[in-house]
Amino acid sequence: MRVYDTGRSTLLAVDRQTGVSRRMIAAFSLALVSLRIVALPAPLSCAHLPAVTAPQAASNDNRRVAGSLRDGVLSLRIVATLAAWHPEGKQGCALQVHAFAEEGKPAQIPGPLIRVRSGTEVRVVVRNALGKTLWMRGLQEHNVAALDSVAIAPGASSEFRFRPSAPGAWYYWGGDANAAVPKSGVDGQLVGALIVDSPNVRPADRIFVMTRWTPNGLPGNGGYQLNAMNGLSWPHTERLTQTVGDSVRWHVINASDDFHMMHLHGFYFRLDTHGNAARDTVTLSPTKTTVVTSVVRAGEWITLTWSPERAGNWLFHCHIVAHMSPDQQLERMSGAVPSTATPSSTHANHALESMAGLIVGVTVRPKSRVAAQADSRPRRALRLFANTREHVFAQQPGFAFVLQEGDAAPARDSIRIPGTPLVLKRGEPVEITVFNRLAQPLAIHWHGIELESYFDGVAGWSGAGSRVAPAIAPNDSFVVRFTPPRAGTFIYHVHNEHGEELASGLYGALIVLEPGLMYDPTSDLTLVIGTAGPGPLRPSFVNGSATPDTLQLVAAKTYRLRLIDINANDSHRTTLVGPTGPVPWRLLARDGRELPPNEAVPQQTPIASAAGVTRDMEFSLPSGTYSITVVHRAAGRVTGHVTTVPIRVQ
Ligand SMILES: [Cu+2]
């Protein structure tokens with residue numbers, strides 16, 4: 001591991017430098033890591049990609065406001081033009097796309113940042129240098145019922161004058177007619193943030209614009225997609241540095257045509273605003289809630305605040321496997337011309353090599369030099385085995401985490417999907433030895449648990465300084481230590497995918513109880529939603545089955561239901577259904593955090609969820625026949641697949 005730690009320290013050591021040099025050094029470090037692994041870095045070949053002739057676009061970190069502000073008027077001239085986009089840094093391959101530039105300057109991806117205090121007049125002239133009609137949307141006052149669209153003929157210009165009054169993380173975009181959200185084709189980068197601040201306050205904050213690219217019509221690339229944060233794909237995305245105790249505020253704009261599940265490692269964040277292109281209120285997920293994962297649907301944005309309480313390296317990323325997968329690396333895209341690039345198969349550094357896309361790294365510095373006191377109390381010891389068995393999903397293997405119960409380790413090929421529920425106590429130190437019996441290195445993430453960075457489970461990244469957690473090598477083990485600070489419903493799951501391990505069972509429920517309580521399965525129910533193995537879409541698993549057993553319940557008894565969604569790529573709506581339709585239940589907790597009275601939602605059904613979400617509900621039923629239905633949605637659309645948990649109440 002020493003080799004990769006060296007690379008990592010180089011990455012961290014330069015985070016005060018400019019974005020450009022940081023990225024260059026990041027690229028250098030990555031090259032250094034590859035060099036040590038494969039002896040020679042493969043020459044970068046972009047020959048498998050469509051030819052690029054346009055001038056290079058710059059990635060835009062959304063820190064510099066475009067245009068000039070004079071006498072209460074922000075004036076700006078932008079042009080829609082062809083540009084070469086380098087989502088993997090300036091040294092990486094390029095894609096030819098449409099992008100916005102300030103007149104006379106290189107194009108930017110995402111486009112120039114428009115930012116004003118509410119009440120400021122904005123005058124934007126947009127020139128269309130593309131060979132097609134450009135439909136512009138979003139350059140207007142917001143909080144309206146519907147947005148305008150304005151067509152600009154090829155070669156023509158159009159001026160937009162408006163005086164925005166509604167504060168929010170709005171955006172503008174261009175494309176073909178009637179694009180309700182920015183489309184992921186050649187126009188997918190033709191977007192820019194339009195931030196309206198309240199008149200008096202402009203808090204220190206950051207803006208992240210998420211965009212997407214798919215190779216419309218390129219042969220052999222049906223499933224390929226590339227997702228970017230401020231124009232860059234991990235590990236080329238910006239590295240942020242914070243200090244313990246900071247107040248961090250981010251605007252996260254999903255300027256794409258797919259939904260994202262934004263997850264923060266190690267800390268909760270408060271969702272302050274949740275809007276879409278037209279309005280600052282989205283009704284499906286309430287704002288002012290505190291979670292570790294929030295959905296941001298196509299065209300939506302959120303403003304969130306959080307405060308790092310512990311030092312170390314952390315991630316903020318989309319939890320959808322396809323949006324954090326190394327399959328997004330341009331070298332993995334095939335094309336009309338066969339690729340000469342060799343995909344990285346060693347995964348020697350999980351963080352740098354086996355993730356890509358919508359990921360931002362955050363390094364939190366300690367506030368003082370005094371190290372936190374180690375917890376010297378005795379630790380409850382658990383032994384957890386990562387097992388696999390052949391031919392579980394037709395010809396494909398299944399995977400599972402199996403806890404040792406008794407004196408003997410479980411058989412190497414014993415699996416149970418989901419993994420053994422881990423039941424811990426709030427405030428009780430635990431020591432979990434994870435044994436890797438897989439053929440590949442393993443990293444395991446304790447989702448929602450507030451713990452020390454080193455044990456967070458992102459191999460090659462979690463930790464601080466030169467002490468960075470390794471991946472667990474095959475036939476090796478790793479000791480994880482933490483003390484859960486709160487009771488609630490959490491998840492543990494694989495964090496490094498080599499194939500489809502998450503979809504194939506490598507996850508489980510992590511339940512933390514108040515001290516003195518025992519887990520009572522007769523009143524405490526856990527339903528874990530997972531993907532039903534690799535391959536084409538089908539009904540999701542609930543507790544490892546597409547046809548779960550009937551729950552036998554007692555009339556008038558109060559039940560707690562822990563609902564965990566840890567499927568790979570899709571979303572769900574879960575409803576308690578009785579003889580006459582949906583039955584209300586009481587929402588008790590989100591992502592393991594008990595709802596305080598001012599956030600309590602007395603009755604809620606259905607529960608919307610996707611990867612990385614937990615919800616606790618309470619209900620009590622009269623005698624009768626009921627069911628819990630889990631309706632499957634892919635890319636936000638109902639697929640027709642429903643998993644039903646029958647319930648009999650007597
Ligand atoms: Cu995503």
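For the numbers below, each heavy atom of this structure counts, side chains included, while hydrogens, waters and symmetry mates do not. Along the sequence shown, residues carry numbers from 1. Note that ligands are numbered from 1 as they come in the structure, with each ligand's atoms numbered from 1 the same way.
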Assign the ring pair [X] / [Y] to parallel, tilted or perpendicular, where the plane angle (0 to 90°) is split at 30° and 60°.
X: His319; Y: His493; answer: perpendicular
X: His265; Y: His495; answer: perpendicular
X: Tyr224; Y: Trp213; answer: perpendicular
X: Phe100; Y: Tyr172; answer: tilted

Would you tell me whether Gln225 and Asn227 have side-chain atoms, one donor and one acceptor, within less than 3.5 Å of each other?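 Asn227 and Gln225 do have a side-chain donor-acceptor pair below 3.5 Å.
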Less than 4.0 angstrom from a charged side-chain N to a carboxylate O is my criterion; do Lys183 and Asp176 meet it?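 No salt bridge links Lys183 with Asp176.
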With 2.8 Å as the threshold, which protein atoms of type N, O or S lie near the Cu ion (ligand 1)? Leave waters out.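 Correct list: His260 ND1, Cys318 SG, His323 ND1.
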